[in-house]
Amino acid sequence: MSDFAAVADFVVVYVAEAHPTDGWATSVGMSMDIRQHRCLEERLAAAEMLALHDIPCPVLVDTMDNAAARAYAAMPDRLYIVLDGLCVYKGWPGPFGYYPEGVRDWLQKFSG
């Protein structure tokens with residue numbers, strides 16, 4: 001991300017928990033006990049736990065009606081580039097379509 005600090009702002013938008021311990025849980029990669037959020041305060045607390053993992057950009061939080069996740073088809077994760085209010089790069093849904101190199105390639109071409 002620091003390679004493109006002059007041309008891009010990066011954010012993480014924390015949406016509904018993909019693998020809550022009280023829902024569709026998986027033991028792979030689970031390091032935190034996060035239940036499905038019942039209120040915004042629980043979602044904010046989960047996002048704060050994520051931010052403790054040295055995320056190098058701001059962590060924003062989706063609304064409880066999952067407006068961002070619905071608008072960007074962002075479950076469980078997805079990469080986008082938005083330029084002047086227009087989506088110019090839309091990655092495939094994760095985890096199998098999670099391809100940060102695609103973002104890097106686009107930003108390299110854009111920044112010349």
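Below, all heavy atoms of this structure are taken into account, side chains as well, without hydrogens, waters or symmetry copies. Since we're looking at a predicted model, the values are computed, not measured.
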Which pair of non-hydrogen atoms, one from [X] and one from [Y], has the smallest distance, and what is that distance?
X: R38; Y: E42; result: N-OE1, 2.7 Å
X: A67; Y: D62; result: N-OD1, 3.3 Å
X: V61; Y: R43; result: CG1-CG, 3.4 Å
X: A46; Y: H37; result: CB-NE2, 3.5 Å
X: I55; Y: L50; result: CG1-O, 3.4 Å

- Is it true that M64 and L44 fall in one hydrophobic cluster, defined by side-chain heavy atoms closer than 4.5 Å?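 In one cluster with M64: L44, yes.
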
- Message: Would you say Y14 ends up clustered with M49 if hydrophobic residues are merged whenever their side chains have heavy atoms under 4.5 Å apart, either directly or through other cluster members?
- Response: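 Per the 4.5 Å side-chain linkage, M49 and Y14 are co-clustered.
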
Enumerate donor-acceptor pairs with a distance under 3.5 Å from any side-chain N or O in residues 72-95 to protein atoms, sequence neighbours excluded.
{"from": "D77", "atom 1": "OD1", "to": "G94", "atom 2": "N", "distance (Å)": "3.2"}
{"from": "R78", "atom 1": "NE", "to": "G91", "atom 2": "O", "distance (Å)": "2.6"}
{"from": "R78", "atom 1": "NH1", "to": "A73", "atom 2": "O", "distance (Å)": "3.1"}
{"from": "R78", "atom 1": "NH2", "to": "G91", "atom 2": "O", "distance (Å)": "3.3"}
{"from": "Y80", "atom 1": "OH", "to": "Y72", "atom 2": "O", "distance (Å)": "2.3"}

- Message: Looking at F10, I'd like to know if its CZ atom is crowded, meaning that more than 12 non-hydrogen atoms belonging to other residues, nucleotides or ligands lie closer than 6.0 Å.
- Response: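 Atom CZ in F10 is packed in, count exceeds 12.
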
- Report, as yes or no, whether the 6.0 Å neighbourhood of atom CG on D9 holds more than 12 heavy atoms from other residues, nucleotides or ligands.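 Check fails, neighbour count at 12 or below.
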
Distance-only donor-acceptor pairs under 3.5 Å for side chains of residues 99-112, two or more places apart:
{"from": "R104", "atom 1": "NH1", "to": "D3", "atom 2": "OD2", "distance (Å)": "3.0"}
{"from": "R104", "atom 1": "NH2", "to": "D3", "atom 2": "OD2", "distance (Å)": "3.1"}
{"from": "S111", "atom 1": "OG", "to": "L107", "atom 2": "O", "distance (Å)": "2.9"}
{"from": "S111", "atom 1": "OG", "to": "Q108", "atom 2": "O", "distance (Å)": "3.4"}

